[in-house]
Amino acid sequence: MRVKKAVIPAAGLGTRFLPVSKALPKEMLPIVDKPTIQYVIEEAVDAGIKDILIITGRNKQAIEDHFDRSIELELVLQKKGKNNDLKEMQQISELANIFYIRQKEPLGLGHAVLCARQFVGNEPFAVLLGDDVIHARVPCIGQMAAVYSEKGNTVLGVQQVGWDNIHKYGAVEPEEKPESVVRVRQLTEKPSREEAKSDLAVLGRYIIDPEIFAILEDTAPGSGGEIQLTDALNTMAERQPVWAYTFEGRRYDVGDRLGFLEATIEFALRREELASGLKTFLAGLQSNQL
Ligand code: UTP
């Protein structure tokens, strides 16, 4: 079955990025001049997914405004003859069929995904975290949808993050020696280095079988008192195959201060009109004492 729907959880409080995330959704933090969540939506659209549900919460109004039309702005741009800007603004509001639902309390990623049950129905669906951006030749979620169509079961997007970093992620215990697609025996949320069975981490992209909803309903709060998607996926792995796929691409955790800075610099360096000025600036920095 083809993956036609995507869910973007964006209701988290963003406590790793205070104070800016107090009133501004971290998903709206700009990478150069585009909000993070727009990159995420463009990835889904580039992979042929047009129906997208964003899970929002309090203080997240700016996300809806961004993907809505702004008639006032369009009129001003039209009057000034700024036709390229006008076209770009109109394209943002026509990117996809975007739906919204509010998660009334941030009770965890698993709980956020459960809010999508009605929208998803009984088909496989994609989950893309609203603060994880992946730069890839082929959209990451498209790579994963291809694996899904071959395997017909849940697929998790993973990469090796190194043993010193695995404690920050959901870690995979693979059934056999890791290859690009490997069956998952078990997942552990934020394991210590000693607990982790591999340094393969789940990095914000999933294609999930709809059975997850029934499982999530029965999943008790776990690590941090939150309903963890990892716990529900573990139950799923006991009942049917779950696959870990090592995707091709560079992933940025924009909800983390350093990840945000890395994304900002690398995306700017990929822009022709900014690259040379930024390179000169960075070279100058290296020779200066800060
Ligand atoms: P994170 O753990 O990165 O988000 O969740 P957070 O809780 O906002 O971050 P910190 O740790 O406090 O800084 C991954 C994704 O899941 C969403 C977040 O918005 C983010 O996109 N999420 C998380 C929800 O939608 N609801 C939740 O209850 C928790």
Side-chain angles (χ1 to χ4, degrees), residues 6-31 35-44 52-64 66-67 98-117 119-120 125-134 140-141 156-158 161 165-171 187-191 201-206 208 212-213 216-217 219-233 251-263:
V7 175
I8 302 184
L13 294 179
T15 57
R16 284 172 298 152
F17 221 134
L18 288 167
V20 70
S21 51
K22 188 177 172 215
L24 179 78
K26 63 176 171 173
E27 297 79 9
M28 288 301 291
L29 287 172
I31 302 177
T36 299
I37 195 166
Q38 188 178 332
Y39 290 92
V40 177
I41 290 187
E42 286 172 351
E43 178 187 328
I52 296 172
L53 177 72
I54 302 180
I55 316 286
T56 67
R58 258 183 297 284
N59 291 335
K60 301 279 181 169
Q61 196 63 39
I63 298 177
E64 289 182 47
H66 182 71
F67 293 105
I98 304 181
F99 303 83
Y100 299 91
I101 190 165
R102 272 172 83 138
Q103 184 189 18
K104 294 191 180 73
E105 266 184 275
L107 297 177
L109 179 57
H111 182 261
V113 170
L114 188 53
C115 295
R117 188 176 203 167
F119 167 80
V120 168
F125 63 104
V127 173
L128 301 88
L129 299 191
D131 57 353
D132 270 331
V133 169
I134 295 169
C140 175
I141 206 70
L156 315 177
V158 303
V161 294
N165 292 316
I166 195 66
H167 65 281
K168 295 186 261 180
Y169 301 93
L187 296 163
T188 317
E189 184 62 23
K190 302 192 172 68
V202 182
L203 295 180
R205 295 293 183 272
Y206 314 74
I208 307 183
I212 199 76
F213 295 119
L216 277 169
E217 240 175 17
T219 302
S223 155
E226 296 187 338
I227 297 178
Q228 296 288 351
L229 182 60
T230 305
D231 293 343
L233 287 168
R251 173 257 186 187
Y252 305 87
D253 178 3
V254 183
D256 169 78
R257 293 181 182 96
L258 187 59
F260 166 76
L261 291 169
E262 287 171 4

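On a predicted model such as this, the values are computed, not experimentally measured, just so you know. Read the numbers this way: they start at 1 and go in the same order the structure lists the ligands and their atoms.
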How does [X] reach ligand 1, by side chain, by backbone, by both or by neither, if only non-hydrogen atoms under 4.0 Å count?
{"X": "Ile55", "value": "neither"}
{"X": "Glu226", "value": "neither"}
{"X": "Leu107", "value": "backbone"}

Measuring only between side-chain heavy atoms, which start at C-beta, is [X] closer than 4.5 Å to [Y]?
{"X": "Thr36", "Y": "Phe260", "result": "no"}
{"X": "Tyr206", "Y": "Leu233", "result": "yes"}
{"X": "Arg117", "Y": "Glu217", "result": "yes"}
{"X": "Tyr252", "Y": "Asp132", "result": "no"}
{"X": "Phe17", "Y": "Asp131", "result": "no"}
{"X": "Lys60", "Y": "Glu27", "result": "yes"}

Item to check | For Pro106, the ligand 1 atoms whose distance to one of its heavy atoms is below 4.0 Å | outcome: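 Per the distance check, 28 (O).
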Taking [atom] as the reference point, the nearest protein heavy atom with its distance:
{"atom": "atom 26 (N) of ligand 1", "answer": "Gln103 OE1, 2.7 Å"}
{"atom": "atom 25 (O) of ligand 1", "answer": "Ala11 N, 2.9 Å"}
{"atom": "atom 28 (O) of ligand 1", "answer": "Gly108 N, 2.8 Å"}
{"atom": "atom 14 (C) of ligand 1", "answer": "Leu129 CD1, 3.7 Å"}
{"atom": "atom 8 (O) of ligand 1", "answer": "Gly14 N, 2.8 Å"}
{"atom": "atom 19 (O) of ligand 1", "answer": "Gly12 N, 2.8 Å"}
{"atom": "atom 11 (O) of ligand 1", "answer": "Arg16 NE, 3.2 Å"}
{"atom": "atom 20 (C) of ligand 1", "answer": "Asp131 OD1, 3.7 Å"}

Do any nitrogen or oxygen atoms of [X] come within less than 3.5 Å of a nitrogen or oxygen of ligand 1?
{"X": "Glu27", "value": "yes"}
{"X": "Leu109", "value": "no"}
{"X": "Glu105", "value": "no"}

Item to check | Intermediate values then yes/no, side-chain contact (heavy atoms from CB on, under 4.5 Å), Phe125 and Val113 | outcome: CA-CA 11 Å; Phe125 63 104; Val113 170; 4.0 Å; yes
Item to check | Closest non-hydrogen atom pair, Ala126 against Ile141 | outcome: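 In terms of heavy atoms, the two residues are closest at CB-CG1, 3.8 Å.
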Checklist entry - How far apart are the closest heavy atoms of Ala44 and Ile52, and which atoms are they? => result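 In this case the closest contact between Ala44 and Ile52 is CB-CD1, 4.0 Å.
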Next on the checklist: Quick check on atom 5 (O) of ligand 1 - does any protein heavy atom sit closer than 4.0 Å to it?
Outcome noted: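 It does not; no protein heavy atom is within 4.0 Å.
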Checklist entry - Quick check: are there more than 12 heavy atoms from other residues, nucleotides or ligands sitting under 6.0 Å from CZ of Arg58? => result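 At most 12 heavy atoms, drawn from other residues, nucleotides or ligands, come within 6.0 Å of this atom.
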Checklist entry - Distance-only, no hydrogens or angles: does the Tyr39 side chain make a donor-acceptor pair with backbone N or O of Ile31 under 3.5 Å? => result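 Present.
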Checklist entry - Is ligand 1 less than 4.0 angstrom away from at least one heavy atom of Ala10? => result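 Within the 4.0 Å threshold, so yes.
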